[in-house]
Number of protein chains: 2
Amino acid sequence: MASANSTAQRVTIRDVASVAGVSTATVSKVLNDRPDVGPEVRQRVLDTIARLGYRPNAVARGLRARHTDTIAILTDDLEGIFTNALMRGVEDAASAYDVSVLLANSYGDPDRERKHLRRLLDRQMDGLIIMSGNRVRPRSGPALPLPATPYVFLYEYAATEPVPSILPDDRGGAVLAAQHLLDIGRRRIGFINGPASWEATADRLDGLTATLAAAGAPLRPALIRHAASWSPQDGYALATELLDAPEPPDAIFGASDDLATGALAAIHERGLRIPEDVAVVGFDDRSLAVHQRPPLTTVALPLLEMGRVAGQRLLEAVNGGQQRHELIRVPCELRVRASTVGAGHTPR
Amino acid sequence: MASANSTAQRVTIRDVASVAGVSTATVSKVLNDRPDVGPEVRQRVLDTIARLGYRPNAVARGLRARHTDTIAILTDDLEGIFTNALMRGVEDAASAYDVSVLLANSYGDPDRERKHLRRLLDRQMDGLIIMSGNRVRPRSGPALPLPATPYVFLYEYAATEPVPSILPDDRGGAVLAAQHLLDIGRRRIGFINGPASWEATADRLDGLTATLAAAGAPLRPALIRHAASWSPQDGYALATELLDAPEPPDAIFGASDDLATGALAAIHERGLRIPEDVAVVGFDDRSLAVHQRPPLTTVALPLLEMGRVAGQRLLEAVNGGQQRHELIRVPCELRVRASTVGAGHTPR
DNA sequence: CTGAAAGCGCTTACAG
DNA sequence: CTGAAAGCGCTTACAG
């Protein structure tokens with residue numbers, strides 16, 4: 001691919017050197033804040049740089065210095081529901097280090113992953129973030145061996161790889177929700193969990209179960225449901241079952257905001273008050289949560305923070321830090337809103 | 001930022017040359033598919049490359065060849081509702097050219113935009129896509145002059161810049177919806193438009209008005225509403241107004257899927273049948289549309305295609321093509337579902 | 001058809 | 001403290 005970019009002659013380090021009357025080595029030292037340059041020479045160089053509007057060529061620097069100050073995100077789903085927030089976290093962390101972020105989409109296809117990895121390696125990436133945009137799950141190692149390039153997994157993990165995986169603390173998130181419901185005096189808590197095939201499902205059930213048991217209000221098997229999908233429709237149907245049971249719950253915890261939204265509708269339909277009769281908590285804190293009636297209390301997935309941690313961990317490794325296999329669980333946060341604590345809400 | 005990547009000595013073009021018994025110039029020619037290499041020499045070099053597992057260093061190539069085969073997306077909102085699909089389109093187009101995509105997020109802040117632009121220029125990007133993740137709107141030129149680097153705008157435009165802007169054909173999308181409703185025999189069409197401050201709002205109203213007028217069934221002022229937001233809540237409230245009017249509509253066109261969803265709820269609540277009594281059409285084709293009851297007929301925003309067109313146009317310019325100021329409107333597509341054509345749907 | 005030489009724009013020991 | 005020289009790994013005229 002040829003380039004059309006060469007109208008004005010670019011200013012190079014040689015131009016700066018000759019105008020300032022020094023060597024390029026000296027200019028380079030000033031550029032890189034080396035101590036071994038005299039104060040007045042340094043100032044003269046600095047002035048010349050400013051006057052000529054000189055900007056170092058990052059490609060040349062990269063070739064010589066053997067690092068590009070660039071990391072790549074390789075995702076399996078660029079349109080995954082959580083992809084953006086994760087990427088933003090990574091971009092935040094990278095920006096703070098003045099590192100750029102390259103984007104590659106494998107569509108979850110190992111062949112594409114391999115191709116992208118090859119290209120990324122050719123481009124001398126300093127490090128890689130291999131991420132899923134969908135859900136926590138185990139995967140095999142990179143489709144191409146990466147002997148000399150640090151990498152981390154984000155929102156997925158590989159049991160065999162000697163690198164960190166950044167994951168949400170789903171179990172801890174459920175603990176927060178459970179504790180909150182206990183705190184507001186609920187004891188008959190209904191749980192609408194997600195599909196059993198997701199890891200988050202087991203983790204969240206575990207956190208809820210343990211917390212309620214510890215509080216002496218164990219989760220009743222009759223009040224647990226597993227949805228076939230994470231959709232509001234399923235939430236509606238299963239909440240209806242719970243509400244129609246002989247001993248209906250005084251709170252419903254949905255394992256996703258969508259499930260909880262369906263529960264909201266079912267409760268409204270029965271003319272029950274939220275939160276007085278039934279409190280509702282969701283999970284994820286997607287933007288729809290705050291727009292519900294009443295606004296939905298929910299457990300926020302720490303996506304931004306996960307992205308940041310991934311970026312930081314990677315950059316530490318790029319700078320020489322040791323990596324090892326570890327699962328880093330980033331804590332969730334409870335967002336308390338009117339569906340559990342509030343002015344009370346009657347059906348419209 | 002120092003690098004930790006130097007375990008195994010990398011294979012260079014010199015290694016290939018010496019093993020194959022030729023000069024590096026010859027290897028380079030083979031690499032770049034130049035015609036002036038003898039067939040048996042070419043084969044020998046190819047074999048050596050394969051045997052040594054040689055991969056050209058893209059950074060060195062970039063320095064010498066003066067292009068990096070990399071473009072950047074500079075977005076004002078990495079979590080915008082349409083950002084992903086647009087980016088995926090760009091990534092698709094770039095991948096086809098074997099070009100990589102760098103990602104930068106300005107948060108809509110001119111200072112950050114300038115900083116990113118500077119960094120991107122330092123990194124010798126071949127071209128830039130400056131995009132909005134939110135909505136079509138005019139903006140000023142790049143926060144930094146880009147005299148030697150091609151760029152295009154995506155989902156936003158700048159009146160003064162001599163480059164293309166890629167936009168959705170909102171007007172044409174409304175024409176499709178209107179024509180469809182006419183085709184299924186509707187004549188009293190209600191329109192719930194979005195907030196007046198959005199350009200899409202005027203464009204869609206225009207397309208609808210023109211199409212209905214041309215068909216001899218002009219849009220009745222009494223059946224037009226402007227929502228204060230794009231939310232389902234507003235759609236619900238305004239659809240209720242329309243349905244309670246003396247001459248209620250036999251179809252409702254919502255300027256977003258969310259608005260249309262609210263209309264669905266209002267129609268259900270009145271015990272009316274969809275589409276028999278009232279047909280409903282949305283706009284955007286977000287994933288929720290297909291999950292409605294009944295599934296929502298809607299006008300799909302051509303986000304992927306817009307991203308692809310942006311990528312292609314940019315890459316053409318990078319390869320020397322002329323750029324000029326133009327607004328490229330990518331056609332929307334109608335997705336016909338049961339809310340306008342179907343088995344009929346009674347309230348649940 | 002092939003290769004020696006120069007050079008892309010920097011940084012890095014090293015000598016003084 | 002400063003600079004001459006070498007070199008990062010390629011590609012590009014150019015000579016033969």
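Chain identifiers are assigned alphabetically (A, B, ...) following the order of the sequence lines, protein sequences preceding nucleic acid strands; residue numbering begins at 1 within each chain.
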Item to check | Min side-chain heavy-atom separation L52(A)-V16(A) under 4.5 Å | outcome: yes
Item to check | Neighbours of DNA chain D within residues 32-52 of chain B, by heavy-atom distance under 4.0 Å | outcome: N32(B), R34(B)
Checklist entry - How long is the line joining CG of L63(B) and P of dC8(C), in whole Å? => result 9 Å
Item to check | For the student: nearest non-hydrogen atoms of V136(A) and P168(A), plus distance | outcome: CG2-CD, 3.6 Å
Checklist entry - Would a 4.5 Å heavy-atom cut-off, applied to side chains only, mark F82(A) and M306(A) as touching? => result no
Checklist entry - For the side chain of S23(B), counting heavy atoms from C-beta on, which of dA4(C), dA4(D), dC10(D) is nearest? => result dA4(C)
Checklist entry - From the list dG3(D), dT11(D), dG9(C), which nucleotide is the closest neighbour of the side chain of R61(B)? => result dT11(D)
Item to check | Nearest-angstrom distance from the residue atom CZ of R10(A) to P of dG9(C) | outcome: 9 Å
Checklist outcome for this item: Between CZ of R14(B) and C1' of dA6(D) the distance, given in whole Å, is 12 Å
Next on the checklist: Please classify the nucleic acid contact of V22(A) as base, sugar-phosphate, or nothing, using heavy-atom distances under 4.0 Å.
Outcome noted: sugar-phosphate
Checklist entry - Could you state the CD1-C1' distance from I13(A) to dT11(C), rounded to the nearest angstrom? => result 8 Å
Item to check | Nearest to side-chain heavy atoms of T12(B), which nucleotide of dC10(C), dG3(C), dC10(D) | outcome: dC10(D)
Checklist entry - Rounded to the nearest Å, what distance is computed from the NZ atom of residue K29(B) to the P atom of nucleotide dT11(D)? => result 12 Å
Item to check | Side-chain heavy-atom pair L128(B), L117(B) within 4.5 angstrom cut-off | outcome: yes
Checklist entry - Side chain of R44(B), backbone of A20(B): donor and acceptor closer than 3.5 Å? => result yes
Checklist entry - Are the side chains of V152(B) and I328(B) in touch, meaning some heavy atoms are under 4.5 Å apart? => result no
Item to check | Note, Q323(A) side chain near P162(A) side chain (heavy atom, < 4.5 Å) | outcome: no
Checklist entry - So, does R88(B) use its side chain to make a donor-acceptor pair with the main chain of L303(B) at under 3.5 Å? => result no
Checklist entry - Is there a donor and acceptor pair, one atom on the side chain of R64(B) and one on the base of dG7(C), closer than 3.5 Å? => result yes
Item to check | Length of the CZ-C1' vector between R123(A) and dG9(D), whole Å | outcome: 16 Å
Checklist entry - Run the salt bridge (charged side-chain N to carboxylate O under 4.0 Å, His left out) check on E305(B) and R308(B) step by step: do they pass? => result CA-CA 5 Å; E305(B) 183 62 15; R308(B) 282 201 200 100; 3.2 Å; yes
Next on the checklist: Do I73(A) and E91(A) have side chains that approach each other closer than 4.5 Å (heavy atoms only, starting at C-beta)?
Outcome noted: no
Next on the checklist: Please report the distance, rounded to the nearest Å, between OH in Y54(B) and C1' in dG9(D).
Outcome noted: 7 Å
Checklist entry - How many Å lie between CZ on R55(B) and C1' on dG9(D), as a whole number? => result 15 Å
Checklist outcome for this item: Annotated structure of DNA chain C as dot-bracket, pair cut-off 3.5 Å, Watson-Crick or G-U only, | for inter-strand, is |||.||||||||.|||
Checklist entry - Quick one: is dT11(D) close enough that its OP1 or OP2 comes under 4.0 Å of any side-chain N or O from S28(B)? => result yes
Checklist entry - Does R66(A) place a side-chain N or O at less than 4.0 Å from the phosphate oxygens OP1/OP2 of dG9(D)? => result yes
Checklist entry - Is the shortest side-chain N/O distance from T26(B) to OP1 or OP2 of dG3(C) below 4.0 Å? => result yes
